[in-house]
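Below: the structure, in structure tokens.
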Amino acid sequence: MKVLSTIKEIRAYLEQKKAGGKTIGFVPTMGALHKGHLELMLRAKEENDLLVVSIFVNPVQFNNADDLKNYPRTLEEDTKKLESVNCDVLFIPDVEEMYPQVVTTQYNFGTLETVMEGRFRPGHFNGVAIVVKRLFDIVTPDRAYFGEKDFQQLAIIKKLVAMEKIPVEIIPCPIVRETDGLAMSSRNRLLSPEERKLAPFIYKTLQEAKRRRNHICANPLRQMIINIFEGNKNFKLEYFDIVNDKTLQPINGWNDKVGTVACVALWLGNIRLIDNIRII
Ligand code: PAF
């Protein structure tokens with residue numbers, strides 16, 4: 001595995017590979033890799049000649065200084081995991097390399113960014129879009145792989161690619177779960193052992209929402225699930241919404257022709273977790 005930290009080096013290396021007709025599959029990450037990331041990588045490896053992974057904890061997407069400071073950084077462990085999936089290139093730029101000047105780009109994703117995460121994390125998706133655009137410009141991948149756990153992020157990235165006419169195919173990949181149902185996330189390692197035991201309640205409640213969909217209308221179901229989340233005092237609910245999977249706007253009734261996803265964000269102690277489940 002080639003480990004490169006400057007834009008000049010990675011561009012030169014990948015240009016040479018592309019000139020030789022190689023295709024590039026790209027998995028951008030912030031490190032603290034888990035099985036969910038590795039699944040994206042295995043798929044990228046299967047569908048492309050070269051697997052490129054970036055690890056960059058992107059300061060401009062954090063709207064909370066403590067969250068940025070506490071974000072797990074585990075490069076040594078990550079490197080071993082990347083070797084186990086035969087990653088070809090690891091790109092690990094530092095902040096000066098990625099942002100030599102102050103970034104002022106302001107994207108407008110319309111109503112995609114005013115709901116759910118957008119309501120609670122102002123500026124977050126603008127920061128994600130800035131770094132993803134920059135990484136795409138550097139790596140010029142044929143395909144890029146993103147997990148569906150960050151469902152809204154995926155919608156924003158698809159929109160970014162369309163708006164900026166970036167020639168890359170975005171490949172969504174299913175959520176990977178622990179055996180007790182907890183969605184894999186880099187943040188899970190920040191949970192205390194007690195919190196970790198409580199965490200499967202999130203997916204259990206989402207499954208309950210899915211089970212009840214044939215028996216109750218969308219709005220009362222939403223309220224019922226909010227009551228279940230709010231009734232558990234170990235958690236602090238930020239939002240639970242049942243949304244159209246393209247527009248991310250709340251739905252008012254079931255329609256078998258409209259893809260529908262239930263999304264949740266909540267706090268368990270000091271850790272913010274998100275998850276979602278497809279309802280239709
Ligand atoms: O999903 C993530 O890990 C990050 O938001 C991403 C896409 C790597 C951008 O920093």
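Note that the coordinates shown come from a computational prediction; the quantities given were computed from them, not determined experimentally. Read the numbers this way: they start at 1 and go in the same order the structure lists the ligands and their atoms.
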For the ring pair Phe201 and Phe235, is the centre-to-centre distance below 6.0 Å? yes

Answer yes if the ring centres of Phe62 and Tyr71 are under 6.0 angstrom apart, and no otherwise. yes

Residue portion contacting ligand 1 (non-hydrogen atoms closer than 4.0 Å) for Ile157: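 Contact part for Ile157 vs ligand 1: neither.
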
Short N-O contact, Asp256 and Arg213, less than 4.0 angstrom: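 Here Asp256 pairs with Arg213 in a salt bridge, since their nearest N and O are under 4.0 Å apart.
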
Lys/Arg N to Asp/Glu carboxylate O, Asp137 vs Arg11, below 4.0 Å: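 Here Asp137 does not pair with Arg11 in a salt bridge, since their nearest N and O are not under 4.0 Å apart.
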
Can you tell me which residue and heavy atom of the protein come closest to atom 7 (C) of ligand 1, and the distance to 0.1 Å? Gln153 NE2, 3.5 Å

Look at atom 9 (C) of ligand 1 and say which protein heavy atom is nearest, naming residue and atom and giving the distance to 0.1 Å. Gln61 OE1, 3.3 Å

Purely on distance, is any nitrogen or oxygen of Asn58 under 3.5 Å from one on ligand 1?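 Such a contact does not occur with ligand 1.
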
With a cut-off of 6.0 Å (strictly less than), are more than 12 heavy atoms of other residues, nucleotides or ligands near CZ of Arg73?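 Enclosed.
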
What are the atoms of ligand 1, with element, lying closer than 4.0 Å to any heavy atom of Val131?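 In order of number, 9 (C), 10 (O).
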
Short list, please: which atoms of ligand 1 are under 4.0 Å from a heavy atom of Thr29? 8 (C)

